[in-house]
Asker: 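Mind having a look at this structure? Questions to follow.
Residue numbers count from 1 along this sequence.
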Amino acid sequence: MVKLPSFFSDGMVICKKAKVWGRAEPGRTVTATFLEETYEATADESGRFAFTLSAEEYGGPFTLDIGGIVIKDVYVGRVWLCGGSANMEEPASRIKLVLDENIIEDTRIRVFQAERGFDFEKEATDVKGEWQTASGWFLEHINAVPYFFARAMLEKEDVPMGLICTPVGGTTIEGWLPEESLHGFTDYYKELQQTRIPGWLSNTQENADKRIKIWKSSLEAKDRGMSEGWHNSDYNDSDWESKMLFDTSGLPRHGSVWMRRKFIVPKMEENEDVILKFGRVENSVTVYINGVEVIHVSYMYPPCVCVLPDKLLKEGENTIAVRIVGEANSPAVVSGKEYSVVCSNWCVGLNGMWKRRTGAEMPMCPPSIYFFSYPCGAYNFMLAPLLGYSVDAILWGQGESNTARPHDYKALFVEFANNMRRHFGDVPIIYTQTPNYVDPYSYNFIEGFGTPGEYWAILREQQRQCLEIPNTAMAVTIDCGEYNDLNPSDKKTVGRRMALHARRMIYGEDIVTNGPIVEKAECHRKRLTIFFKHGEGLWEKGGHPLLDIIDSEGTMHRLYAAVWNDALNIIVGDMNPAKARFGWMDCPAVPLYNAHGLPASPFEIDITNI
């Protein structure tokens, strides 16, 4: 019996030269037919067989027959392997209210979404999933960055676009490595071995779940708001304290807090959608309108947005009640987001004064366990089965979960690139640099390591140095983030910047794809000059760039720079400068751009005194 992996199935997209494989009885000759050509292969001792199909032109739909299994709606086009973590995984539904008019159906885009999972014991040979088009119900579930990448590529080449998507939020780079790549990394290899101790995975998960369940049960029992109905519209909150929405004074370290207020709704048109936007909270939130639950978000990263049920609002006075639970953080509303009730012809803001009362104060919630961050697990389950699928390039967006140990990133990414090249050939690897973000967890994870606020900067510098790997490109996204959101909404710019690199590297277009990349730093007669590749038309946005200059004694001096002759110029006085850093913080304030509107990468560079 012939058996094929799930990604060789109806609706698939393959390259003009495409490797396909499957399993049959050892020694069996398997025949394939595609575009009136016949191919034969013999299953080896393990039962594996493989063909390399050929097509002269892009197009479809075609039919492929492999050993009697008929695959319909096969398209020949461009194929992109898309992987990484949350900012690559985020679905279009989460950014719909920001980029709604940009998210349109396009059946030329076809997606294989690999099932999420991990396996620390062995590499899988198949992963569940099926091909979908960027249309209908699936459009809201499509990974936004790959979608916008494909849309940008279609502007230049009208051919089928196949996206093989494997991203999982919270994954580390070591989670996407095979075991043999970890032998030179003692700490990571020990973590992998720990997962293999009999019963460790299940016991660890069970114990973590039990501790969290006890904490949540205790909170529910102590929270007066749950028993006294603080969410009800007719509850009397006159004796509650009055606080501005973003006022954090008096909040418990952990536990629950309730907030209530009235708001006035003007006349509404019948059957008109009304949207509630309640920004983001730390860590989880439930929102009630007129006593009815309308939003429940169980962790801190998804946006708190919904379309309100028909006829829930009434003309005139309405009540909103919010319960915020702080498990690892103080239960607070995140500033800088939109808090409003909106329809087509009016908007009611929810900033300002609220009534507030603590429901229950608690100790910190015991931490959950997240096995996707452990070495090799995601690779074995999700990526290993896809190794060898013929692709045009690898698109990678990941790094946020490596900020705790950023100094290892380049070495681990080199292993990642080498492994990808062993299986996919010397295809381009186009990756993103982590965006700007103020990380509330940016503290000293490792004794003696760095200072708070610079872990993302170190990670970005490691990513910049990964450009030393041949046939790679980095999309700088330092201006695409949001200081208050780990998963920012601007996925369109990220996808389009990755597409610029693909157009140059794969289509051969003569276009500028990089922002300024630091080349050298020289100090002469008390003036430091920093030169860039791709720095033509250098300009700063929002003020003068602020750089950290480290002198020969290790003292840091924070100095402003001026742009002149497409370089940064700084008067350093009598110091002996040794190193320069630009954008050396989680969320740098002033980005640099070239004439093409592409941002400069943050950097650290040694200074030559001449």
Asker: Let me see the working for N143 and K491 under side chain to side chain donor-acceptor pair (under 3.5 Å), right down to the final yes or no.
Answerer: CA-CA 9 Å; N143 300 138; K491 300 297 191 267; over 6 Å; no
Asker: Ignoring hydrogens and angles, tell me if any N or O in the side chain of D485 forms a donor-acceptor pair with the backbone of G481 under 3.5 Å.
Answerer: no
Asker: Could you pull out the closest heavy-atom pair between P385 and F7, with the gap in Å?
Answerer: O-CZ, 3.1 Å
Asker: Sub-3.5 Å donor-acceptor pair from the side chain of R497 to the main-chain atoms of K492, do we have one?
Answerer: no
Asker: Using a 3.5 Å distance criterion without hydrogens, assess whether the side chain of Y431 forms a donor-acceptor pair with backbone atoms of Q463.
Answerer: yes
Asker: May I ask you to test the V168-S85 pair for a side-chain heavy-atom distance under 4.5 Å?
Answerer: no
Asker: Could you walk me through whether I275 and C306 satisfy the side-chain contact (heavy atoms from CB on, under 4.5 Å) test, starting with their C-alpha distance in whole Å, then the side-chain angles of each, then the deciding distance to 0.1 Å, before giving a yes or no?
Answerer: CA-CA 6 Å; I275 298 170; C306 76; over 6 Å; no
Asker: List the steps, then state whether ring-ring contact (aromatic ring centres under 6.0 Å, His included) holds for W258 with W354.
Answerer: CA-CA 10 Å; W258 289 76; W354 286 64; over 10 Å; no
Asker: Give the C-alpha distance, both sets of side-chain angles, the deciding distance and a yes or no for salt bridge (Lys or Arg N to Asp or Glu O under 4.0 Å) between K337 and E482.
Answerer: CA-CA 10 Å; K337 294 289 187 177; E482 300 172 27; 2.5 Å; yes
Asker: If only atom types and distance count, is the side chain of D126 paired as donor or acceptor with the main-chain N or O of S6 below 3.5 Å?
Answerer: yes
Asker: Ring centres of W396 and F416 under 6.0 Å apart?
Answerer: yes
Asker: Between N283 (side chain) and M300 (backbone), is there a donor-acceptor pair under 3.5 Å?
Answerer: no
Asker: More than 12 non-hydrogen atoms from neighbouring residues, nucleotides or ligands closer than 6.0 Å to NZ on K128, yes or no?
Answerer: no
Asker: Would the distance check show the side chain of E604 and the main-chain N or O of F582 forming a donor-acceptor pair, the cut-off being under 3.5 Å?
Answerer: no
Asker: Has S218 got a side-chain atom pairing as donor or acceptor with W215's backbone, closer than 3.5 angstrom?
Answerer: no
Asker: Please name the pair of heavy atoms, one in I264 and one in P266, separated by the smallest distance, quoted to 0.1 Å.
Answerer: O-CD, 3.8 Å
Asker: Between E282 and S330, is there a side-chain donor-acceptor contact under 3.5 Å, judged purely by atom types and distance?
Answerer: no
Asker: Verify whether one side chain among E454 and W584 offers a donor that lies under 3.5 Å from an acceptor in the other.
Answerer: yes
Asker: Return yes if some donor-acceptor pair links the side-chain N/O of R356 with the main-chain N/O of D247 below 3.5 Å, else return no.
Answerer: yes
Asker: Applying side-chain contact (heavy atoms from CB on, under 4.5 Å), run through R211 and D209 and close with a yes or a no.
Answerer: CA-CA 6 Å; R211 290 191 297 267; D209 292 346; over 6 Å; no
Asker: Do the numbers put R116 on top of the ring of F372, so that NZ or CZ is under 6.0 Å from the six-membered ring centre and no more than 45° off the axis?
Answerer: yes
Asker: Rounded to the nearest 0.5 Å, what separation is found between the CE atom of M498 and the CZ atom of F148?
Answerer: 14.0 Å
Asker: Under 3.5 Å, is there a donor-acceptor pair linking the side chains of Q462 and N402?
Answerer: no
Asker: Looking only at non-hydrogen atoms, find the nearest pair between I295 and V305 and report the distance.
Answerer: CD1-N, 3.8 Å
Asker: Parallel under 30°, tilted from 30 to 60°, perpendicular over 60°: which one fits the rings of Y339 and F278?
Answerer: perpendicular
Asker: Could you tell me whether the side chain of L192 reaches within less than 4.5 Å of the side chain of L182, counting heavy atoms only?
Answerer: yes
Asker: We want to know whether K243 and S249 form a side-chain donor-acceptor pair, criterion being a heavy-atom distance below 3.5 angstrom.
Answerer: yes
Asker: Is S340 close to C347 at the side-chain level, that is, under 4.5 Å between some pair of heavy atoms?
Answerer: yes
Asker: Report yes if some heavy atom in the side chain of I109 is under 4.5 Å from a heavy atom in the side chain of T133; otherwise report no.
Answerer: no
Asker: Between Y437 and N484, do the side chains contain an N or O donor and an N or O acceptor separated by less than 3.5 Å?
Answerer: no
Asker: Consider only side-chain N and O atoms of S601 and Q433, and report whether a donor and an acceptor are under 3.5 Å apart.
Answerer: yes
Asker: For E191 and R405, what are the C-alpha separation, side-chain angles and deciding distance, and is it a salt bridge (Lys or Arg N to Asp or Glu O under 4.0 Å)?
Answerer: CA-CA 14 Å; E191 290 174 12; R405 295 187 283 190; 3.0 Å; yes
Asker: Is it the case that E400 and Q398 place a side-chain donor and acceptor less than 3.5 Å from each other?
Answerer: no
Asker: Provide the closest heavy-atom pair for L219 versus S256 in the form atom of the first, atom of the second, distance.
Answerer: CD1-OG, 3.8 Å
Asker: Just do the ring-ring contact (aromatic ring centres under 6.0 Å, His included) check on W80 and F112 with the steps written out, would you?
Answerer: CA-CA 10 Å; W80 317 94; F112 179 85; over 10 Å; no
Asker: Step by step, work out the salt bridge (Lys or Arg N to Asp or Glu O under 4.0 Å) result for E241 and R260.
Answerer: CA-CA 11 Å; E241 60 181 346; R260 294 171 53 90; over 6 Å; no
Asker: Below 6.0 angstrom between ring centroids: does that apply to W176 and F118?
Answerer: no
Asker: Checking N290 side chain against N318 main chain: does a donor-acceptor pair fall under 3.5 Å?
Answerer: no
Asker: Would you name the heavy atoms of S233 and T319 that are closest together and state the gap between them?
Answerer: O-OG1, 3.8 Å
Asker: Report yes or no: does T204 contribute a side-chain atom to a donor-acceptor pair with the main-chain N or O of L201 at less than 3.5 Å?
Answerer: no
Asker: Would a 4.5 Å heavy-atom cut-off, applied to side chains only, mark V342 and E338 as touching?
Answerer: yes
Asker: Within a 6.0 Å radius of atom NZ on K262, are there more than 12 heavy atoms belonging to other residues, nucleotides or ligands?
Answerer: yes
Asker: Roughly how far, to the nearest 0.5 Å, is SG of C376 from NZ of K122?
Answerer: 14.0 Å
Asker: Could you check whether any side-chain heavy atom of M244 comes within less than 4.5 Å of a side-chain heavy atom of M353, counting everything from C-beta outward?
Answerer: yes
Asker: Can you give me the closest heavy-atom contact between D586 and Y455, atom names plus distance?
Answerer: OD1-N, 3.9 Å
Asker: Which distance, rounded to the nearest 0.5 Å, do you find between the CE of M268 and the CG of N345?
Answerer: 10.5 Å
Asker: R261 vs D237, test: salt bridge (Lys or Arg N to Asp or Glu O under 4.0 Å). Steps then yes/no.
Answerer: CA-CA 9 Å; R261 65 166 288 175; D237 57 22; over 6 Å; no
Asker: Classify the side-chain pair E327/S284 by whether it contains a donor and acceptor separated by less than 3.5 Å.
Answerer: yes
